[in-house]
Protein chains: 2
Amino acid sequence: MLNQSSDLDRLFHALADPARRAIVERLSRGPAPVSELARPLPMSLPSAMQHLGVLEAAGLVRSEKIGRVRTCAIEPQALSQAEQWINARRIEWERRLDRLGEYLKTLESEGDDNGPGE
Amino acid sequence: MLNQSSDLDRLFHALADPARRAIVERLSRGPAPVSELARPLPMSLPSAMQHLGVLEAAGLVRSEKIGRVRTCAIEPQALSQAEQWINARRIEWERRLDRLGEYLKTLESEGDDNGPGE
DNA sequence: AGCATACTTAGGCGTATGCTTAACCAATCG
DNA sequence: CGATTGGTTAAGCATACGCCTAAGTATGCT
C-alpha cells in the first residue's frame, strides 16, 4: 500500500473503534494496568493488547512497565491534534457562512437580482 | 454515554482517511459537485465516490442530484459530535488533574506520609 | 438522433484489521 | 522451588477496506 499513514490517520483510526474509545474513556479518569483496561472489554486479552498497541502508536496512550505490571496513561496532547483539525474545519465553514450572509445583505441593499454564486 | 457507538465509529472512521479529510476540507469552503471533489484525488472516480459514500453514511456530507450533477455539501453538526466526544474526555482528565492537585496540596499541608493512591 | 458528460453499478483483487487459541516469558507468592 | 499472576508473542482465519477496470444509466448539447 502507498499509505504513509499521517498522524491524523492514525489518530482518527484509533478513535474509530468502540473498544479503543472505551479504553481512552477509562484512562481519562486515571492510569490503569493492562488487565484492568481489558477486563470490561468483550474480547480476549491479546485482542485488547492489540487495541492498546494501536492507541499507543497513535500517541494517545503512553505506558510503562514496572515489575510485571504495565501501567497505561492517556496522552492529552494527541487528542488536541484531532480537536484542532475539527476546529479548523468549523472556522472555515463559519467564515464562509459569514461571507455568504454579507453577500446576501449586499444584494438586499442594492436591490440587485443576480442568482447567488454558489 | 455508553452507546451511540456506531455513530462515532462511522464518524471517526470517515475522518481516518486523507482522501476523505481532503473532501471535507474542500467542502468546508463551500459545496461542490462530485467531479470537482474527485479531480484532485490520486484515484479513479469510482474510488472517490466510495469515499463520498462513507462520508455520507457518517452524516458528514449531504448531497443532492440535480440533472446529472450531484452537488455535495458539508453537514457541520456531524463534526460537532466528534468534537464533543473529544471535549468530554478533556473535561474528565482536567477534572482528575485538579483533584490530584488538591490531594497533593492536602498532603503538603498535613505533613502526612501515606503513599499516593495513583 | 448522435454524442459527450457526469455519475453509478458490478465484479474482482490484494492488503489490513480484528479476533481467536496456544504457547511462552517474567515477576511475585506460598 | 513450584505455582500463579500479568503480560507478550505467534499463528491462523474471516471479514472489511481501498483500489481498480469495465460496463451501464441518465442528462444535456448540437
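A note on names: the letters A, B, ... follow the listed sequences, proteins ahead of strands, and every chain is numbered from 1.
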* Verdict with supporting geometry, B:Asp9 and B:Ser6, side chain to side chain donor-acceptor pair (under 3.5 Å) -> CA-CA 5 Å; B:Asp9 285 10; B:Ser6 38; 5.9 Å; no
* Asked: Given that both distances must come in under 3.5 Å, which nucleotide forms a Watson-Crick or G-U wobble pair with C:dA26?
  ->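 Across all strands, the one nucleotide that pairs with C:dA26 is D:dT5.
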* To do: Keeping to residues at least two apart or across chains, list the salt bridge (charged side-chain N to carboxylate O under 4.0 Å, His left out) pairs with something in residues 40-53 of chain A.
  =>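 Every candidate salt bridge (charged side-chain N to carboxylate O under 4.0 Å, His left out) pair involving residues 40-53 of chain A fails, so no pair, neighbours aside, qualifies.
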* Qualifying salt bridge (charged side-chain N to carboxylate O under 4.0 Å, His left out) pairs, either residue in residues 49-74 of chain A, two or more places apart ->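 For residues 49-74 of chain A, and leaving out neighbouring residues, the salt bridge (charged side-chain N to carboxylate O under 4.0 Å, His left out) pairs sorted by first residue read A:Arg62-A:Glu75.
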Spacing between [X] atom [atom1] and [N] atom [atom2], to the nearest angstrom:
X: A:Asp17; N: D:dT15; atom1: CG; atom2: P; result: 18 Å
X: B:His13; N: D:dT15; atom1: NE2; atom2: C1'; result: 13 Å
X: A:Leu41; N: C:dC19; atom1: CG; atom2: P; result: 9 Å
X: A:Glu64; N: D:dG7; atom1: CD; atom2: P; result: 14 Å
X: B:Met49; N: D:dC19; atom1: CE; atom2: C1'; result: 15 Å
X: B:Arg70; N: D:dT27; atom1: CZ; atom2: C1'; result: 14 Å
X: A:Met43; N: C:dT21; atom1: CE; atom2: P; result: 13 Å

* At under 4.0 Å between heavy atoms, what does A:Arg20 touch on the DNA or RNA strands: base, sugar-phosphate, or nothing? ->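 Here A:Arg20 touches the backbone only, sparing every base.
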Can a side chain N or O of [X] be found less than 4.0 Å away from OP1 or OP2 on [N]?
X: A:Ser35; N: D:dG6; result: no
X: A:Ser44; N: C:dC19; result: no
X: A:Ser47; N: C:dG18; result: no
X: A:His51; N: C:dC19; result: yes

Are there any protein N/O atoms within less than 3.5 Å of an N/O atom in nucleotides 24-28 of chain C, and if so, which ones and at what distance?
from, atom 1, to, atom 2, distance (Å)
C:dA27, N3, A:Arg68, NH1, 3.0

* Candidates D:dC20, C:dC19, C:dC7 - which lies nearest the side chain of A:Gln50 ->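 Nearest to the side chain of A:Gln50 among the choices is C:dC19.
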* **Point-to-point distance, once rounded to the nearest 0.5 Å, from CG of A:Leu45 to CZ of A:Arg39** =>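 Spacing of CG (A:Leu45) from CZ (A:Arg39) equals 11.0 Å.
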* **Row check, A:Trp85 ring normal vs A:Arg89 NZ/CZ: under 6.0 Å, within 45°** =>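 Yes, A:Arg89 and A:Trp85 form such a contact.
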* Heavy-atom side-chain proximity of A:Pro31 to B:Arg96 below 4.5 angstrom ->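 Yes, side chains in contact.
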* Tell me, do A:Arg90 and A:Asn87 make a side-chain contact under 4.5 Å, heavy atoms counted? ->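 Yes - at least one pair of side-chain heavy atoms lies under 4.5 Å apart.
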* Asked: On DNA chain D, nearest-nucleotide positions of A:Pro46 versus B:Leu45: which is more 5'?
  ->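 Result of the comparison: A:Pro46.
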